[in-house]
Every structure is written in structure tokens, then in C-alpha cells.
S.K.: 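Attaching a single structure in C-alpha cells format; questions to follow.
Quick caveat, the model's predicted, so the values are computed rather than measured.
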Amino acid sequence: MASAVNAQTNGIVALSRAVCSVAVDLVAGVERVVVGDGKVRTAQSNAWDAICADRAARQARADLERLVADLLASGPPARSGRTRAVGSGVAGTQVVGSSPRSSASHAALVSTGGVTGR
């Protein structure tokens, strides 16, 4: 009885493998017809593309590390000695900073009465 069950199971497994094999062959054939034989993706071409991508990533990282090292070696940039504060020179305003966001913050502080004298 056990051998009959095993034979039946082996038959089902063999049938499912055959169906999968035919399906894979069909898909591969359709791919060749649609994209052409020269453009069919293979494991070898996938591996080569991965190797090229890794090389490009390593090169980009090396370039960035070289740039950072050069920047660190050259030291901080020289400043002109002049700074500009938004709202300076206007009576009754609070000096906030020099970035565009600070300008928006300054406008909000002026329009709402803001907190002064911190």
C-alpha cells in the first residue's frame, strides 16, 4: 500500500515538474521572439551588470572620500568678515539671522508680536 502511494506521489511530482518545464520553455521562447536573441537576459549578463554596478559604486565612493580628504586638508573656508542680519537697521525689529528661513521667521515674529529680549 505504501509503495502505491509513493508511486502516485512520484507521478504527481513528475507531472508538475514537466508542466513547469514546459511553461518555462514557453516563456523563454516568447521572450526571444519579443526582444530578440541578443537581448535575452541571462545569469551571466546579470552577473556582469552587477559587477559593473559594484565597480561604479566603489569608484563613486573613492571619489567622494578623496574630495572629503581634500576639503579637510584645505581647512575651513575664509570668511570676508562681514555678516548680514535680516532686520538689522530697522527700528523695533528683532535680528533673526541671515538665511531665507530666518527671514520667514522674522516676518512671523514681527507679525505676531513675537518674543523679544531672550
S.K.: Which side-chain N or O atoms in residues 59-67 pair as donor and acceptor under 3.5 Å with protein atoms at least two apart or in another chain?
M.R.:
residue	atom	partner	partner atom	Å
Gln59	NE2	Asp63	OD1	2.9
Arg61	NE	Glu65	OE2	3.2
Asp63	OD1	Arg66	NH1	3.0

S.K.: Only counting residues at least two apart or in another chain, list the ones meeting side-chain hydrogen bond (donor to acceptor under 3.5 Å, both in side chains) with Ser74.
M.R.: none
S.K.: Identify each donor-acceptor pair in which a side-chain atom of residues 12-35 lies under 3.5 Å from a protein atom, sequence neighbours left out, and give them as a table.
M.R.:
residue	atom	partner	partner atom	Å
Ser16	OG	Ile12	O	3.3
Ser16	OG	Val13	O	2.9

S.K.: Mind checking who shares a hydrophobic cluster with Trp48, ILVMFWY linked at side-chain heavy-atom distances under 4.5 Å?
M.R.: Ile51
S.K.: Going by salt bridge (Lys or Arg N to Asp or Glu O under 4.0 Å), name the pairs with one or both residues in residues 45-60, residues two or more places apart or in two chains.
M.R.: Arg41-Asp49
